[in-house]
Amino acid sequence: MSLLILSPTRETDTWLQALQEEDPKIPIFVYPENIDNESVEFVLAWNHPYGSLKNYPNLKCISSMGAGVDYLLKDPELPEQVLLTRIVDPELSKTMFEFILAMVMNHLRGLTHFKQSQANQKWEPAAYQRIEDIRIGIMGLGVIGSYVAKRLIGMGFRVNGWAQSPKPNCKATVYSGSNELETFLNSTEILICLLPSTPSTHGLLNKETLAMLPKGASLINVARGDILVERDLIDLLDNEQLSLASLDVFQQEPLPNNHPFWKHKKIDITPHVASLTNPKTVAPQIVENYWRMKKGQELMHSVSRKKGY
Ligand code: OXD
């Protein structure tokens, strides 16, 4: 019986090495290696080809290689009885915080503006804001969102948060549910999206909701591209309702060559690199779940198909 790494879009050698070092006793294969499909009980997946998971009749658990599982749940042929788990790793939260801090400081100090001035050989000083001048709003207060809120508060930022349901342990001022969304957005000058992609968050950032932000506010999306209505963002930036957007995730990835985001002066693009799972730090939890699955024990970091995360 074996573990299969099924990820056509991610580099798999370091995953294989990290898992083998963690537990040399587990037989591990890498898709599309020619293997006996009946032997596969555990799949470690990322952006698998839809329909491919039904080829393993003895599959018991699918672990996502990342924090998100939206791509798994979108597979119309995802086997029904199989348990789903995801990665929860303090390292992922920490690197996400570091990326967000870099983006927030860019927004405060206008670095995108100076990069453009440099490209035009123009000496163009501009006013800046300080940490205590602005209010940050974080949408999505799961493990990563709550950690980012705590670290930003520790640095002196004023932080509000919004989630579908109340979060009593979160250090930020928390708003919850659709009836508190407008109040939350009204007082958010830099909006950070860390929501999971689910049917209820799909298209949630659109011309109505983003227009609830104060004029000149900015957006950082490090969650999933389908939460944002891309055309609406362009309109709001063009009519100066919003001032800047830092986008790490897109409806289509890689971002197509002819996409209007590429050349937009108020959009900074990064290629889905905000926080990448480190195979070495997560190998222990995957191995632990493999053996728990073998012994029929409860798995760590289980995913609710109903909630979508
Ligand atoms: C993740 C990601 O979900 O990298 O971990 O997007």
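Indexing begins at 1, ligand by ligand and atom by atom, following the structure's order.
- Under a 4.0 Å N-O distance rule, the pair Lys25/Asp23 qualifies as a salt bridge.
- Ligand-side atoms of ligand 1 in range of Arg10: 4 (O), range being under 4.0 angstrom from any heavy atom.
- Take Gln118 and apply the side chain to side chain contact (heavy atoms under 4.5 Å, CB included) test, not counting sequence neighbours, and it matches Lys115.
- Between His272 and Trp46, the two ring planes are perpendicular [angle over 60°; tilted spans 30° to 60°].
- Using a 4.0 Å heavy-atom cutoff, Trp46 is listed among the residues neighbouring ligand 1.
- Ligand-side atoms of ligand 1 in range of Gly68: 1 (C), 3 (O), 5 (O), range being under 4.0 angstrom from any heavy atom.
- Side-chain contact, Ser197 with His202: no donor N or O sits under 3.5 Å from an acceptor N or O.
- Hydrophobic clustering, with ILVMFWY side chains joined whenever heavy atoms are under 4.5 angstrom apart, groups Val159 together with Val222.
- Of all atoms in ligand 1, listed by their number and element, those nearer than 4.0 Å to a heavy atom of Arg224 are 1 (C), 2 (C), 3 (O), 6 (O).
- Side chain of Ser218 to main chain of Ser243: no donor-acceptor pair is present (N/O by atom type, distance under 3.5 Å, no hydrogens or angles).
- The single protein non-hydrogen atom nearest to atom 5 (O) of ligand 1 is Ala67 N, 2.8 Å, given as residue, atom name and distance.
- Residue Arg86 places every heavy atom at 4.0 Å or more from ligand 1.
- Lys263 is linked by a side chain to side chain contact (heavy atoms under 4.5 Å, CB included) to nothing, counting only residues two or more places apart in sequence or in another chain.
- Distances from ligand 1 to the non-hydrogen atoms of Glu253 include no value under 4.0 Å.
- Within the 4.0 Å heavy-atom cutoff, Met65 does not count among the residues contacting ligand 1.
- Near His272, the atoms of ligand 1 lying under 4.0 angstrom from a non-hydrogen atom of the residue are 2 (C), 4 (O), 6 (O).
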